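All remarks here apply to the structure that follows.
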Amino acid sequence: MKKFLTLLLAAMLIQAGASAQDLTFDASRGIERTLTYDGRAVNFIAYENIFYVANPASDAQRLSVYVPAEYLRGGIVNGYSATTAPIFLPNGVGGYMPGNILEPLENDRMSGGANASLVALSRGLVVVSPAIRGRTTVEGGEYVGKAPALIVDYKAAVRWLRFNRDRLPAGDTEKIISNGTSAGGALSAALGATGNAHEFEPYLADLGAAFERDDIFASSDYCPITNLDNADAAYEWIFCGVNEYYQAVWQRNPNATAEDANHPVPVKKAAVMTAEEIKASETLRDAFPAYVNSLDLLDEHGNPLTLDKRGNGSFKDYIKGKYIESAQSALDSGADLAGVDWVKIKRGRVVDVDLKKYPAAVTRMKAAPAFDKLDLSSGENDEFGTAANEPRHFNKTLFNDTFANADVIRMMNPMNFIGREDVTTAKHFRIRHGAADRDTALAIPAILALKLQNSGVDVDFFSPWGRGHGGDYDLPELFDWIDGICKGGA
Ligand code: DHB
């Protein structure tokens with residue numbers, strides 16, 4: 001009998017142990033590696049594929065830690081030491097799909113050069129990159145990565161870091177800086193905006209995330225596809241009246257050699273919106289001013305930013321100002337803008353931009369509604385889908401059935417958390433959205449930047465000239481910004 005009980009107990013322990021992952025960082029698992037950046041060797045220790053939650057919903061919930069090797073020898077890199085080195089936390093999410101761990105690379109497929117993780121190491125940052133569940137993640141026949149899973153995972157990774165702060169060989173867990181592009185930019189913004197928000201607690205508890213804080217120091221967001229429940233209206237505020245759209249379609253390059261046959265090229269396909277889509281476009285355009293006015297936004301001088309019923313007003317002037325600033329910086333660096341018909345230049349100064357001509361110049365990418373599709377066919381409908389993979393609506397201006405859970409829609413939008421007293425928002429944000437980006441309207445990152453600024457956050461927001469949808473294109477400047485906020489005593 002005693003033997004049977006002992007066996008039973010052992011079996012129970014094995015079963016419990018099979019699913020529960022140990023969150024304790026094991027510093028003996030590091031492997032030293034060397035890559036080259038900018039003609040210099042970058043030596044680092046890689047600790048890879050570590051579970052960041054005790055009860056993973058997916059085998060993907062792992063992260064890797066990369067530490068500049070100098071720190072293990074007591075060295076200094078770029079003025080940082082093992083105790084002061086900031087922690088760069090990039091995510092690889094795109095299209096609300098699962099995000100991979102971003103290991104340091106010399107030849108990143110997207111940029112053709114060193115990726116952000118390698119540049120970060122070269123500048124003395126510790127890199128921690130978690131894989132993140134996405135809208136197609138399946139486990140045991142269930143879709144386990146629908147909203148808000150991506151934010152929950154990013155937060156769990158932050159909590160894991162804090163749990164291990166005294167076991168990590170280097171890195172200051174009070175200087176965590178997130179980074180992402182597009183849906184990953186939205187994720188980075190959400191992490192920065194929602195620090196310790198109670199809404200995420202049950203999700204984190206379910207996963208067995210470490211019981212720690214999940215606020216971060218700073219958030220870097222490239223072209224964030226965020227504020228999804230208002231992004232349709234913002235898009236039509238700019239694009240309404242332009243009915244032809246040019247969707248980027250990923251297609252195999254017919255001229256590809258065997259080696260790069262798997263690297264597709266984007267082609268543009270023209271189509272015209274249907275009568276129903278045009279009607280939705282007008283409804284959404286008309287809804288935008290009330291949304292903007294509900295936010296009580298102020299410019300840097302304290303003047304209200306609003307729109308009248310026709311969509312004109314100080315908010316529009318503010319957006320024009322961002323394009324003027326963008327065009328001026330291009331002019332100042334020697335670009336020729338003579339052929340750009342929506343930009344007005346007088347004696348070397350950009351004096352105006354024409355937002356009526358802008359959409360025809362950059363072209364509309366998405367039919368209306370841009371995000372919450374009439375036929376539920378977008379990636380965002382899928383992101384808000386059910387565990388059985390049924391897509392759902394999320395824009396209450398247009399839809400009231402097949403609607404996602406209202407709490408989840410709220411949790412996915414950083415705007416709902418900024419300025420809340422029970423939430424710790426990151427102190428610093430850097431937001432970039434290219435002046436030629438048509439995946440979402442500039443108004444969306446602008447509203448995010450303004451709301452943060454109005455809540456006392458330090459925001460560096462700029463629209464780089466000629467840039468379409470993309471990120472990590474100005475890594476030296478990104479890391480200069482990081483040095484500035486980390487070394488400035490902030
Ligand atoms: C991305 C781009 C989109 O246009 C979109 O609607 C969602 C995500 C992306 O590149 O991540």
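As a basis for the values below, the full set of heavy atoms in this structure was taken, side chains included, without hydrogen atoms, waters or symmetry mates. Values in this document were obtained by computation on a predicted structure and should not be read as measured data. Note that ligands are numbered from 1 as they come in the structure, with each ligand's atoms numbered from 1 the same way. By convention here, the first residue in the shown sequence is residue 1.
- For Lys366, there are no salt bridge (Lys or Arg N to Asp or Glu O under 4.0 Å) partners, not counting sequence neighbours.
- In terms of the side chain to side chain donor-acceptor pair (under 3.5 Å) criterion, residue partners of Thr386 (sequence neighbours excluded) are, by chain and number, Glu390.
- Between Tyr358 and Tyr323, the ring-plane angle classifies as tilted under the 30° and 60° cut-offs.
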Which N/O atoms of ligand 1 sit under 3.5 Å from a protein N/O, and at what distances?
from: ligand 1; atom 1: 4 (O); to: Lys366; atom 2: NZ; distance (Å): 2.7
from: ligand 1; atom 1: 4 (O); to: Asp439; atom 2: OD2; distance (Å): 2.6
from: ligand 1; atom 1: 6 (O); to: Lys366; atom 2: NZ; distance (Å): 2.8
from: ligand 1; atom 1: 6 (O); to: Glu380; atom 2: OE2; distance (Å): 2.5
from: ligand 1; atom 1: 10 (O); to: Ser182; atom 2: OG; distance (Å): 2.7
from: ligand 1; atom 1: 10 (O); to: His469; atom 2: NE2; distance (Å): 3.4
from: ligand 1; atom 1: 11 (O); to: Gly95; atom 2: N; distance (Å): 2.5
from: ligand 1; atom 1: 11 (O); to: Ser182; atom 2: OG; distance (Å): 2.7
from: ligand 1; atom 1: 11 (O); to: Ala183; atom 2: N; distance (Å): 3.1

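- Nearest heavy-atom pair across Asn49 and Ser64 is N-OG, 3.1 Å.
- In this structure Ser294 satisfies the side chain to side chain donor-acceptor pair (under 3.5 Å) test with no other residue, sequence neighbours excluded.
- Using the six-membered ring where Trp is involved, Trp237 and Phe288 have ring planes that are tilted, between 30° and 60° apart.
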